[in-house]
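I have placed the structure first, in the form of structure tokens, so that the comments after it can refer back to it.
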2 protein chains.
Amino acid sequence: MNASAKPERTRLSAEDWEDAALKLIADQGVGALAVEALARQLGVTKGSFYWHFRTREALLQASLERWEQYGEREVIEQIEAMPDPRARLPELFRRVAHELAPHRVYAALLKALDHPQVVPVMARVSQRRMEFLTNIYREAGLPPEEALNRARLTYAAYVGFLQLNFTLGLPRISHDEFDAYVEHMIRTLTPA
Amino acid sequence: MNASAKPERTRLSAEDWEDAALKLIADQGVGALAVEALARQLGVTKGSFYWHFRTREALLQASLERWEQYGEREVIEQIEAMPDPRARLPELFRRVAHELAPHRVYAALLKALDHPQVVPVMARVSQRRMEFLTNIYREAGLPPEEALNRARLTYAAYVGFLQLNFTLGLPRISHDEFDAYVEHMIRTLTPA
DNA sequence: CGCGATCCATACTCGTGCGTATGGTATCCG
DNA sequence: CGGATACCATACGCACGAGTATGGATCGCG
């Protein structure tokens with residue numbers, strides 16, 4: 001049934017473990033990150049793990065740094081490359097709304113803010129995103145003060161949405177209804 | 001240092017354990033809910049606990065139900081008693097923003113949505129609040145569709161705010177700045 | 001007073017998951 | 001082709017937290 005489904009016959013590297021860890025975190029949260037479970041999933045045993053990493057903590061650390069690195073650089077750059085500043089916000093909203101998969105790790109880490117290791121990472125990532133958002137609002141015409149507060153509001157709505165949907169499954173919303181919601185969001189959070 | 005600071009010399013009841021559990025959940029999350037830790041904090045040992053509850057799971061269940069009961073009934077009733085529908089939303093916003101303490105349990109449970117026991121409770125509570133919010137928006141003049149989406153957006157902002165502040169400590173915002181943020185929120189999320 | 005019910009302490013068992021020790025197998029390179 | 005190095009398996013020790021067993025203390029009440 002759950003025998004080794006992955007025919008990865010090559011030896012493993014540290015990066016393989018980190019990727020598997022991130023996948024597991026996205027699926028079941030940081031708390032589920034256990035070395036023996038990971039090993040089973042990779043078709044090996046703990047003996048392998050402790051060759052690559054000194055401890056479980058080290059794996060978490062490395063995985064988080066790897067995740068932070070990969071980042072959302074593409075999205076940011078693509079949005080900032082758009083000529084019309086007013087068009088950036090709607091595009092950003094729609095894009096994030098329709099590509100939720102990359103945000104699963106962020107959502108999982110959001111629920112693990114009691115682990116001392118994830119706090120600094122999340123603080124850095126969230127801070128960068130907030131600054132990015134604030135900039136777009138300024139470029140869209142909002143005065144600085146206003147732009148900052150609007151960015152706070154928007155980002156909070158994003159974070160809350162992740163929680164209410166991935167984990168809690170509030171009355172499952174239909175696809176069309178979701179699109180309508182996104183458009184409503186654009187209308188009320190975006191300067192005309 | 002942390003010796004029994006509570007001079008509660010009377011015997012304990014199940015409710016005492018539930019209250020202590022909720023306090024611990026609010027402070028350190030559901031994951032920190034351990035019977036021996038709780039017992040220490042109450043100045044007794046496990047022997048006491050297992051007289052009142054069959055299992056740790058039972059305590060969690062009872063605590064959650066107790067929390068759901070206490071609820072936010074007062075707030076809802078007071079807001080609905082206000083004569084002018086337009087005045088309700090700003091009042092609700094300001095009130096929630098300035099009395100965050102009661103929301104700490106909700107914030108903690110938000111991060112424990114992987115525990116099967118908390119999901120139904122949070123689903124019910126969130127659903128009730130959402131319906132309440134939707135109603136207020138309708139009474140404030142928004143068409144039904146619009147009211148529902150606005151309630152979704154507002155509630156998501158609320159949830160996101162809890163995450164970003166209790167747990168993550170984004171660049172510590174000052175008191176005045178926070179008030180300005182709340183007013184900004186009211187302006188953009190509330191029908192004129 | 002005294003006795004039954006209620007509440008609690010002490011001392012265990014048991015499962016789970018991290019980390020270690022040590023030996024085995026595969027791979028690369030001279 | 002043989003040995004050094006990289007990778008992995010097996011078998012442990014150990015800590016920690018849930019749950020159990022059993023006896024002791026304390027309260028209510030006739």
Side-chain angles (χ1 to χ4, degrees), chain A residues 2-25 27-64 66 108 112 114-118, chain B residues 2-25 27-64 66 108 112 114-118:
Chain A
N2 55 1
S4 63
K6 305 203 167 181
E8 315 188 352
R9 287 286 155 253
T10 53
R11 328 268 283 280
L12 297 176
S13 72
E15 286 77 21
D16 293 326
W17 285 93
E18 295 169 10
D19 286 339
L22 287 175
K23 190 170 180 301
L24 202 156
I25 289 174
D27 289 342
Q28 304 181 232
V30 177
L33 186 58
V35 316
E36 300 186 81
L38 255 191
R40 256 194 310 278
Q41 187 178 318
L42 287 174
V44 293
T45 66
K46 314 193 320 183
S48 170
F49 175 84
Y50 284 99
W51 192 90
H52 295 284
F53 297 93
R54 246 186 66 257
T55 169
R56 187 203 107 120
E57 225 175 277
L59 169 67
L60 217 203
Q61 195 63 37
S63 303
L64 291 176
R66 185 176 179 77
D114 33 356
H115 291 245
Q117 299 187 69
V118 322
Chain B
N2 54 3
S4 64
K6 304 205 169 180
E8 313 186 355
R9 285 286 155 253
T10 53
R11 327 264 287 279
L12 297 177
S13 69
E15 284 77 20
D16 293 326
W17 285 94
E18 295 168 10
D19 286 339
L22 286 175
K23 190 171 180 302
L24 203 157
I25 288 174
D27 288 342
Q28 305 181 231
V30 178
L33 185 58
V35 316
E36 288 173 298
L38 255 190
R40 258 194 310 277
Q41 187 179 319
L42 287 174
V44 292
T45 65
K46 314 194 319 183
S48 170
F49 175 84
Y50 283 100
W51 191 90
H52 295 285
F53 297 93
R54 248 187 62 255
T55 168
R56 187 203 106 121
E57 223 175 278
L59 169 67
L60 217 202
Q61 194 63 38
S63 303
L64 292 177
R66 184 176 180 75
D114 32 357
H115 291 245
Q117 298 188 73
V118 321

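We name chains A, B, ... by the order of the sequence lines, and we start the count at 1 in each one. Bear in mind the structure is a predicted one, so any value in this text is a computation, not a measurement.
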message = Would you compute the distance between atom CG of B:L60 and atom CD of B:E18 and round it to the nearest 0.5 angstrom?
response = 11.0 Å
task = Working to the nearest 0.5 Å, report the span between CH2 of A:W17 and CG of A:L42.
result = 5.0 Å
key: Donor-acceptor under 3.5 Å (A:H52 side chain, A:D16 main chain)   = no
Interatomic distance, [X] [atom1] vs [N] [atom2] [rounded to whole Å]:
| X | N | atom1 | atom2 | result |
| --- | --- | --- | --- | --- |
| A:Q41 | C:dG17 | CD | P | 15 Å |
| B:E36 | C:dT10 | CD | P | 13 Å |
| A:L38 | C:dG19 | CG | P | 13 Å |
| B:W17 | C:dT6 | CH2 | C1' | 15 Å |
| B:R40 | C:dC8 | CZ | P | 17 Å |

request  = Looking only at side-chain atoms of A:K46, point me to the closest of C:dC18, D:dA9, D:dG19.
outcome  = C:dC18
note = With the side chain defined as heavy atoms from C-beta on, A:A34 is closest, among C:dC8, D:dC8, C:dC18, to C:dC18
inquiry  = Between A:S13 and A:E15, is there a side-chain donor-acceptor contact under 3.5 Å, judged purely by atom types and distance?
reply    = yes
Sorted by number, the residues of residues 47-60 of chain A with heavy-atom contact under 4.0 Å to DNA chain D = A:G47, A:S48, A:W51, A:H52
query = Taking 4.0 angstrom as the limit, do B:R66 and B:D19 come out as a salt bridge?
reply = yes
query = Can you find a heavy atom in the side chain of B:V35 that is under 4.5 Å from one in the side chain of B:F53?
reply = no
ask   = Checking only heavy atoms, does the side chain of A:R11 share a donor-acceptor pair with the base of C:dT27 at less than 3.5 Å?
value = no
